[in-house]
Amino acid sequence: MLGALFFAAALTPTLVPRSYLTQGALAGGCFAIGYFTGVLWRRLWHYLELPEPSARARSVANALVAAGCLLVVIVALWRTTAWQNAIRSVMKMAPVETAHPLKVCLIALITFVVLLVLGRLFALLAYILAVGARRIIPRKVATVIGVIAAGLLFWSIANNLLIRTAFNALDSSFRELDVLFEPERAQPTSAGKTGSPASLVKWTELGRMGRRFIASGPTAAEISAVTEHPAQEPVRVYVGLAAGDTAQARARLALAELKRQRGFERKILIVITPTGTGWIDPAAMDTVEYLHHGDVASVAMQYSYLNSPLSLLFQPEYGAAAARALFAEIYGYWTTLPRDQRPKLYLHGLSLGAMNSEKSAELFETIGDPIAGALWSGAPFESRIWRSITDNRNPDTPAWLPEFRDSRFVRFMNQNGPTVPPDRPWGAMRVVYLQYASDAITFFAYRDAYQPPAWMNAPRGPDVAPELRWYPIVTMLQLALDMAVATHTPMGFGHVYAPEHYVDAWVAVTDVNDWSAEALAKLKSHLAARARRAPGDDPDRGG
């Protein structure tokens with residue numbers, strides 16, 4: 001009964017459309033969890049020696065429950081296509097004709113059998129250990145010890161053998177991928193470019209994502225053609241993992257390269273914390289460079305070869321330490337410059353980069369000489385500052401787009417712009433969180449297993465399907481899967497942030513006031529077309 005109910009609940013919509021493969025694996029896993037929960041309840045009942053119904057009563061009850069469960073499963077499978085199309089509709093995607101219910105069932109069955117075999121092996125091991133322990137301790141105590149010992153043994157095998165082996169293999173693969181050269185991105189020859197022959201950072205030391213960042217930005221001529229104003233060549237500095245043995249060494253190299261390129265003479269200076277592999281979202285950086293006519297310098301430093309989910313699991317401390325080291329170097333030098341001659345200093349990060357960027361600046365360190373602000377997009381659910389502000393939001397504002405106090409320090413934005421009028425006064429520092437309600441990387445929480453999340457309350461975000469419902473345990477697993485596929489949505493939904501939304505965010509953060517509404521609309525159209533001309537160019541998009 002529990003397996004069937006969990007299976008049916010797993011087919012209901014959440015935040016991101018699913019393929020029949022991921023849907024089947026999720027449904028099979030949920031069926032297994034429901035089944036194991038029922039088995040555990042039955043074992044516990046026997047263990048406590050509680051009274052049981054007669055065999056006839058059990059047979060009748062089982063028959064009725066089986067018929068009811070079969071009906072629930074059939075109805076859920078019949079509704080699967082409509083549920084998936086409900087998500088696709090709010091994301092403006094073409095509807096699917098079928099969600100392939102038979103394939104979903106087959107994949108779910110295979111998943112369940114695999115998990116069932118593992119569960120039976122666990123039960124067998126626990127029984128063997130318990131039988132051995134009964135020779136010296138009471139039976140019930142031996143049973144508990146057998147279960148605990150089996151759990152520890154399974155965890156040890158999984159963690160020390162399977163997970164570590166997989167981690168080492170993935171780390172090696174990502175390291176090899178990082179050194180690959182893409183033929184369409186030649187080494188720059190201009191002395192003002194990182195990686196050029198005149199640069200302090202070798203082209204080979206940038207890494208794959210660093211070379212992409214340096215080579216992909218708009219030129220002064222491209223900016224001027226769109227803005228119809230004179231433009232400068234943006235300064236982009238990037239230091240890869242191969243450029244130094246420690247984060248501090250790479251941070252010092254980044255500062256030296258930024259000074260060589262005279263980045264501190266620009267109007268805007270942005271310290272970027274990239275995602276796990278070192279990827280920087282071009283939709284974010286191209287936008288601010290256009291808005292300020294190229295009078296922008298940006299600096300970033302790689303801290304991992306792994307993509308963001310793996311980096312978060314296995315190297316959570318690396319990103320924060322690297323972000324901290326880079327900010328300390330840049331900020332330390334920036335504070336020595338005359339206040340009326342130095343650039344405005346900002347922070348930026350996407351996804352894991354946003355979380356680590358939050359950790360880079362200490363309040364008590366900067367309170368005497370504060371930076372100008374920060375733009376953080378798609379902040380993960382474990383981001384400390386984001387979580388604190390969201391939990392302490394004004395009571396009448398939704399969790400997916402909150403307002404915090406009088407909005408003088410921090411504001412939230414989504415596809416529809418900010419929650420407060422743009423002419424409302426800001427404080428000395430401006431912080432903007434750009435987030436979509438359909439981004440599971442932002443809104444996942446472990447407590448979703450036992451209580452409905454606040455972002456499900458009405459009114460809901462514009463990109464969340466009205467058919468979405470909360471189910472114990474299942475919803476948390478659905479959102480966990482949504483995190484894994486959050487970058488497979490159309491631009492402007494899930495974890496794929498659109499350049500036109502970055503325009504509104506950077507306008508607010510950097511106090512842009514010399515653009516007309518018509519000029520901003522033209523820029524948004526240009527950037528949207530530019531971003532959509534190269535889909536799939538970002539394998540670690542947001543990751």
Self-check item: Tyr497 and Leu434: CA distance, side-chain angles, deciding distance, side-chain contact (heavy atoms from CB on, under 4.5 Å) verdict
Solution: CA-CA 8 Å; Tyr497 288 83; Leu434 178 61; 3.8 Å; yes
Exercise. Check step by step if side-chain contact (heavy atoms from CB on, under 4.5 Å) holds for Val464 and Val90.
Key: CA-CA 7 Å; Val464 175; Val90 297; over 6 Å; no
Self-check item: Worked check of side-chain contact (heavy atoms from CB on, under 4.5 Å) between Lys193 and Glu233
Solution: CA-CA 10 Å; Lys193 292 286 187 179; Glu233 196 80 14; 3.7 Å; yes
Quiz prompt | Test side-chain contact (heavy atoms from CB on, under 4.5 Å) applied to Arg266 and Val235, step by step | solution = CA-CA 9 Å; Arg266 296 302 176 101; Val235 172; 3.5 Å; yes
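Not one N or O on the side chain of Ser224 forms a donor-acceptor pair closer than 3.5 Å with the backbone of Ala221. A donor-acceptor pair under 3.5 Å is absent between the side-chain atoms of Ser89 and the main chain of Asn85, judged by distance alone. For Thr442 (side chain) and Ala379 (main-chain N/O), a donor-acceptor pair under 3.5 Å exists by modelled atom type. Between the side chain of Thr81 and the main chain of Ala99, a donor-acceptor pair closer than 3.5 Å is present. A donor-acceptor contact shorter than 3.5 Å links the side chain of Asp295 to the backbone of Lys267. Under the 3.5 Å distance criterion, the side-chain polar atoms of Asp448 are left unmatched by any main-chain donor or acceptor of Met476. For the pair Ser383 (side chain) and Pro380 (backbone), a donor-acceptor distance under 3.5 Å is present. With hydrogens and angles disregarded, a donor-acceptor distance shorter than 3.5 Å links the side chain of Arg250 to the backbone of Gly244. Looking only at distances, a side-chain donor or acceptor of Arg88 sits under 3.5 Å from a matching main-chain atom of Ala94. Between the side chain of Ser525 and the main chain of Ala521, no donor-acceptor pair closer than 3.5 Å is present.
Heavy-atom minimum distance, Gly24 versus Ile107: C-CG2, 3.7 Å. Taking every heavy atom of both residues into account, Pro218 and Pro234 meet most closely at O-CD, 3.6 Å. Contact between Gln415 and Pro462 at its shortest, heavy atoms only, is OE1-CG, 4.2 Å. Here the closest non-hydrogen pair linking Ser360 and Ala323 is CB-O, 3.4 Å. Here the shortest heavy-atom pairing between Pro499 and Ala531 reads CG-CB, 3.8 Å. Contact between Tyr303 and Gly353 at its shortest, heavy atoms only, is OH-N, 4.3 Å.
Atoms OG1 and NE2, on Thr227 and His526 in that order, are 9.5 Å from each other to the nearest 0.5 Å. Interatomic distance, CD1 of Ile280 versus OG of Ser298, reported as 7.0 Å (0.5 Å rounding). In this structure, CE in Met301 is found 13.0 Å from CZ in Phe327, a value given to the nearest 0.5 Å. In this structure, CD in Glu500 is found 8.0 Å from NZ in Lys524, a value given to the nearest 0.5 Å. To the nearest 0.5 Å, atoms CD1 (Ile330) and CG (Leu347) are separated by 11.0 Å. Here Glu205 contributes atom CD and Arg211 contributes atom CZ; the two are 10.5 Å apart, rounded to the nearest 0.5 Å.
Here Trp506 and His348 bring their ring centres to under 6.0 angstrom of each other. Checked against a 6.0 Å centroid threshold, the rings of Phe409 and Phe404 do not count as neighbours. The distance between the ring centers of His501 and Tyr436 falls below 6.0 angstrom.
Electrostatic pairing of Asp369 and Arg339 counts as a salt bridge here, judged by a charged N lying under 4.0 Å from a carboxylate O. Electrostatic pairing of Glu358 and Arg387 does not count as a salt bridge here, judged by no charged N lying under 4.0 Å from a carboxylate O. Taking a cutoff of 4.0 Å between a charged side-chain nitrogen and a carboxylate oxygen, Arg236 and Asp286 qualify as a salt bridge. A salt bridge does not link Glu265 with Arg342: every distance from a Lys NZ or Arg NE/NH1/NH2 to an Asp or Glu carboxylate oxygen is 4.0 Å or more. Taking 4.0 Å as the cut-off between side-chain N and carboxylate O, Arg252 and Glu257 do not count as a salt-bridged pair.
Counting only heavy atoms from C-beta outward, the side chains of Lys359 and Arg324 never approach each other to under 4.5 Å. Counting only heavy atoms from C-beta outward, the side chains of Ile272 and Met285 approach each other to under 4.5 Å. A 4.5 Å side-chain heavy-atom check between Leu375 and Tyr433 finds every atom pair outside the cut-off. In this structure, the side chains of Arg530 and Tyr290 come closer than 4.5 Å at one or more pairs of heavy atoms. Using a 4.5 Å heavy-atom cutoff, the side chains of Val299 and Ile270 are not in contact. Side-chain contact between Leu269 and Tyr346: absent, with no pair of heavy atoms (C-beta onward) separated by less than 4.5 Å. Two residues are said to be in side-chain contact when any heavy atoms from C-beta on lie closer than 4.5 Å; Pro17 and Gln84 meet this criterion. Phe264 has its side chain within reach of Leu337: a pair of non-hydrogen atoms, C-beta onward, lies under 4.5 Å apart.
Between Trp334 and Tyr331, the ring planes are tilted. Angles from 30° to 60° get that label. Between Phe443 and Trp455, the angle of the ring planes lies from 30° to 60°, which puts this pair in the tilted group.
With respect to Asp482, the side chain to side chain donor-acceptor pair (under 3.5 Å) criterion is satisfied by exactly one of Thr22, Thr489, Thr14: Thr14. Among Gln302, Met209, Arg208, the single residue meeting the side chain to side chain contact (heavy atoms under 4.5 Å, CB included) criterion with Trp279 is Met209.
Side-chain contact of Thr194 with Gln261: a donor-acceptor pair under 3.5 Å is present, judged by distance alone. For the residue pair Thr510/His292, the side-chain donor-acceptor check at 3.5 Å is satisfied. Using modelled atom types, one finds no donor on one side chain facing an acceptor on the other under 3.5 Å when comparing Ser196 with Ser199. Gln435 and Trp376 share no donor-acceptor pair across their side chains, judged by distance under 3.5 Å alone.
Relative to the ring axis of Trp426, Arg411 places its NZ or CZ within 45° and under 6.0 Å from the centre. A cation-pi arrangement, defined by a distance under 6.0 Å to the six-membered ring centre and an angle within 45 degrees of its axis, is present between Lys259 and Tyr333.
Atom CG of Asp245 has 12 or fewer heavy atoms from other residues, nucleotides or ligands within 6.0 Å. Within a 6.0 Å radius of NZ in Lys202, no more than 12 heavy atoms belonging to other residues, nucleotides or ligands are found. Within a 6.0 Å radius of NZ in Lys344, no more than 12 heavy atoms belonging to other residues, nucleotides or ligands are found.
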